[in-house]
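Written below as structure tokens is the structure these notes are about.
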Amino acid sequence: TRLGANQALQHHWFTVQSQSGSTSVTKLELSGLKAFGRMHQLKRAVVTVIATQLTHSKIEKLRAMFIAMDKNHDGSLSVAEITRGLQQA
């Protein structure tokens with residue numbers, strides 16, 4: 001069976017790595033792993049493509065575009081925010 005995010009974080013590999021101190025896993029990285037595990041399959045595929053196929057500068061441009069479109073600063077884009085963003089492009 002496939003482990004959930006919380007179960008995976010309790011896996012022996014994570015506990016040994018965090019105790020050894022040789023490779024530190026920050027709370028931010030752990031929260032990122034948890035969030036990735038909760039994502040819808042399509043969103044997960046998009047994030048994977050972004051992480052593996054785009055350069056750092058292109059990712060920063062996408063981030064800036066997203067922030068500019070996210071008018072209420074809730075971390076997600078509503079249909080209205082996307083529509084406004086496309087009209088302005």
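This one's a predicted model, so the numbers in the text were calculated from it and none came from an experiment. We number each residue from 1, following the sequence as shown.
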**Report entry** Set of residues satisfying side chain to side chain contact (heavy atoms under 4.5 Å, CB included) with respect to Ile67, sequence neighbours excluded
**Finding:** Arg63

**Report entry** Cluster overlap Leu86 with Met65, hydrophobic side-chain contacts below 4.5 Å
**Finding:**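 Looking at the clustering, Met65 is in a separate group from Leu86.
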
Query raised in the report: Any link between Phe66 and Ile82 through a network of hydrophobic side chains (Ile, Leu, Val, Met, Phe, Trp, Tyr) touching at under 4.5 Å?
Result: yes

Report summary line: Here the salt bridge (charged side-chain N to carboxylate O under 4.0 Å, His left out) pairs for residues 67-89, sequence neighbours left out, are none

Report task. Just jot down the side chain to side chain donor-acceptor pair (under 3.5 Å) partners of Thr52, sequence neighbours excluded, or say none. Result ->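 For Thr52 there are no side chain to side chain donor-acceptor pair (under 3.5 Å) partners, ignoring immediate neighbours.
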
